[in-house]
Novice: 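Next up is a structure, given as structure tokens.
Values below: every heavy atom of this structure, side chains too, minus hydrogens, waters and symmetry copies.
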Amino acid sequence: MNRLEFSIDIKAGKEAIWNALWSDSGYRDWCGVFFEGSYVVTDDWKEGSTVMFLSPDQSGIYSTIEKHIPNKIMQFKHCGMVTKGEKQPVDEKTKEWAGAMETYTLTEGEDVNTLTVEIDVMDEHLDFMKTTFPKALEKLKDNCS
């Protein structure tokens with residue numbers, strides 16, 4: 001497992017950035033860079049609740065919100081696969097990455113706010129994430145201005 005870190009400075013208020021990250025339309029827009037039509041299903045982004053990160057065919061992964069401080073930190077622990085909108089039992093392949101973390105931290109600056117993302121990534125997804133995550137963050141930044 002590899003830990004990657006990305007950050008971007010955004011000239012917008014923390015609330016606007018948080019909304020662009022986690023509102024339904026905002027999330028769909030910036031995460032569409034990874035996979036067109038991506039969306040998320042959750043119960044109000046509460047700590048301890050389950051989040052499903054899905055593609056249009058209702059496949060993807062499910063995670064637990066480990067920490068949520070609005071406009072500051074959102075941390076996910078990835079747990080398993082989703083097929084046709086249903087959580088799947090954890091198999092040997094899933095055990096290779098289950099427990100991977102993904103953390104979004106927003107830090108206030110004088111003229112800009114800095115969004116930092118730390119994400120655990122398996123070797124086979126490393127190049128894709130290194131190339132695509134910066135593009136997704138630029139899209140997010142554009143949505144805040």
Side-chain angles (χ1 to χ4, degrees), residues 1-83 85 87-88 90 93-145:
M1 194 65 70
N2 306 277
R3 172 139 314 166
L4 297 179
E5 182 176 307
F6 305 95
S7 66
I8 190 165
D9 293 335
I10 303 173
K11 284 190 176 189
K14 290 169 85 173
E15 295 83 6
I17 298 167
W18 211 249
N19 187 59
L21 274 167
W22 308 119
S23 70
D24 182 57
S25 62
Y27 181 88
R28 286 174 186 264
D29 195 51
W30 75 271
C31 279
V33 172
F34 294 101
F35 191 91
E36 190 64 39
S38 295
Y39 67 104
V40 66
V41 176
T42 187
D43 295 331
D44 296 331
W45 301 103
K46 294 178 186 170
E47 281 186 20
S49 67
T50 298
V51 181
M52 291 189 195
F53 299 99
L54 303 172
S55 64
D57 69 357
Q58 296 184 311
S59 65
I61 65 170
Y62 70 93
S63 308
T64 301
I65 297 176
E66 293 287 299
K67 188 171 193 176
H68 182 198
I69 301 171
N71 305 316
K72 189 165 186 165
I73 297 173
M74 181 77 81
Q75 183 177 58
F76 304 102
K77 180 178 173 182
H78 301 306
C79 303
M81 299 298 295
V82 176
T83 303
K87 291 191 234 177
Q88 300 300 300
V90 176
K93 179 82 173 140
T94 304
K95 286 179 184 175
E96 294 176 14
W97 58 265
M101 301 297 289
E102 186 169 345
T103 306
Y104 296 76
T105 306
L106 201 48
T107 307
E108 199 163 6
E110 281 189 37
D111 296 327
V112 297
N113 289 304
T114 302
L115 176 64
T116 303
V117 182
E118 292 179 76
I119 184 169
D120 294 334
V121 178
M122 291 183 62
D123 290 345
E124 62 255 36
H125 303 297
L126 205 50
D127 289 340
F128 174 76
M129 288 303 230
K130 284 181 176 179
T131 303
T132 310
F133 224 110
K135 294 175 187 172
L137 292 179
E138 284 295 333
K139 179 85 166 167
L140 174 75
K141 181 178 180 174
D142 291 345
N143 292 343
C144 293
S145 50

Novice: Would you please test L140 and I10 for side-chain contact (heavy atoms from CB on, under 4.5 Å) and show each step?
Specialist: CA-CA 9 Å; L140 174 75; I10 303 173; 4.3 Å; yes
Novice: Run the side chain to side chain contact (heavy atoms under 4.5 Å, CB included) test against E124 and tell me which residues pass, sequence neighbours left out.
Specialist: K93, M122
Novice: Mind checking what makes side chain to side chain donor-acceptor pair (under 3.5 Å) contact with E102, not counting sequence neighbours?
Specialist: H78, Y104
Novice: Locate the shortest heavy-atom distance separating L106 from K14; write the atom from each residue and the value.
Specialist: CD2-O, 3.7 Å
Novice: Can you list the residues that meet the side chain to side chain donor-acceptor pair (under 3.5 Å) rule with D43, with sequence neighbours excluded?
Specialist: none
Novice: Work out which heavy atom in G60 is nearest to a heavy atom in L54; give both atom names and the distance.
Specialist: N-CD2, 4.1 Å
Novice: What is the minimum heavy-atom distance between N113 and A12, and which atoms define it?
Specialist: ND2-O, 2.7 Å
Novice: Can you sort out the partners of D44 under side chain to side chain contact (heavy atoms under 4.5 Å, CB included), two or more places apart, ordered by chain and number?
Specialist: K46
Novice: Run the numbers on M52 and K87 for side-chain contact (heavy atoms from CB on, under 4.5 Å), then give the verdict.
Specialist: CA-CA 9 Å; M52 291 189 195; K87 291 191 234 177; 4.1 Å; yes
Novice: So which atom in I61 and which in M81 form the shortest heavy-atom distance, rounded to 0.1 Å?
Specialist: CG2-SD, 4.0 Å
Novice: Using only heavy-atom distances, determine whether the side chains of N2 and D123 contain a donor-acceptor pair under 3.5 Å.
Specialist: yes
Novice: My understanding is that only residues two or more places apart in sequence, or in another chain, count here; which of them pass side chain to side chain donor-acceptor pair (under 3.5 Å) with T94?
Specialist: D91
Novice: T103 vs F76, test: side-chain contact (heavy atoms from CB on, under 4.5 Å). Steps then yes/no.
Specialist: CA-CA 6 Å; T103 306; F76 304 102; over 6 Å; no
Novice: Can you list the residues that meet the side chain to side chain donor-acceptor pair (under 3.5 Å) rule with N71, with sequence neighbours excluded?
Specialist: none
Novice: Does a side-chain heavy-atom distance below 4.5 Å link V51 with T64?
Specialist: no
Novice: When rounded to the nearest 0.5 angstrom, what is the spacing between CE in M129 and CG in D120?
Specialist: 10.5 Å
Novice: Could you list all the side-chain hydrogen bond (donor to acceptor under 3.5 Å, both in side chains) pairs where at least one residue sits in residues 127-141, not counting sequence neighbours?
Specialist: none
Novice: Do S49 and T42 come close enough that some side-chain heavy atom pair is under 4.5 Å?
Specialist: yes
Novice: Any pair with a residue in residues 53-81 that passes salt bridge (charged side-chain N to carboxylate O under 4.0 Å, His left out), sequence neighbours left out, goes on the list, sorted by first then second residue, please.
Specialist: none
Novice: Sequence neighbours excluded and cut-off under 3.5 Å, please list the side-chain donor-acceptor pairs for residues 32-39, or say none.
Specialist:
| unit_1 | atom_1 | unit_2 | atom_2 | d |
| --- | --- | --- | --- | --- |
| S38 | OG | F35 | O | 2.6 |

Novice: For side-chain contact (heavy atoms from CB on, under 4.5 Å), just list the numbers for I65 and M74, CA-CA rounded to whole Å, side-chain angles, deciding distance to a tenth of an Å, and then say yes or no.
Specialist: CA-CA 7 Å; I65 297 176; M74 181 77 81; 4.1 Å; yes
Novice: Give, for atom OG of S59 and atom CD of Q88, the distance between the pair rounded to the nearest 0.5 Å.
Specialist: 10.0 Å
Novice: For residues T107 and L115, determine if any side-chain heavy atom of one lies less than 4.5 Å from a side-chain heavy atom of the other.
Specialist: no
Novice: Nearest 0.5 Å please: distance from the NE2 atom of H125 over to the CG atom of L4.
Specialist: 12.0 Å
Novice: Once you round to the nearest 0.5 Å, how far does OG of S63 lie from CE of M101?
Specialist: 9.5 Å
Novice: side-chain hydrogen bond (donor to acceptor under 3.5 Å, both in side chains): which pairs involve residues 22-32, sequence neighbours left out?
Specialist: D24-R28, D29-N143
Novice: Do I8 and T114 make a side-chain contact, defined as non-hydrogen atoms from C-beta onward lying under 4.5 Å apart?
Specialist: no
Novice: Got a sec, which residues hit salt bridge (Lys or Arg N to Asp or Glu O under 4.0 Å) with E118, two or more places apart in sequence or on another chain?
Specialist: R3
Novice: To the nearest 0.5 Å, how far apart are NE2 in H68 and CD1 in I73?
Specialist: 10.0 Å
Novice: Determine whether I119 and F6 make a side-chain contact, defined as any pair of heavy atoms from C-beta on separated by less than 4.5 Å.
Specialist: yes
Novice: Do M1 and V121 make a side-chain contact, defined as non-hydrogen atoms from C-beta onward lying under 4.5 Å apart?
Specialist: no
Novice: Return the set of residues passing ring pair (Phe, Tyr, Trp, His ring centres under 6.0 Å) with F128 (not counting sequence neighbours), or none when no residue passes.
Specialist: none
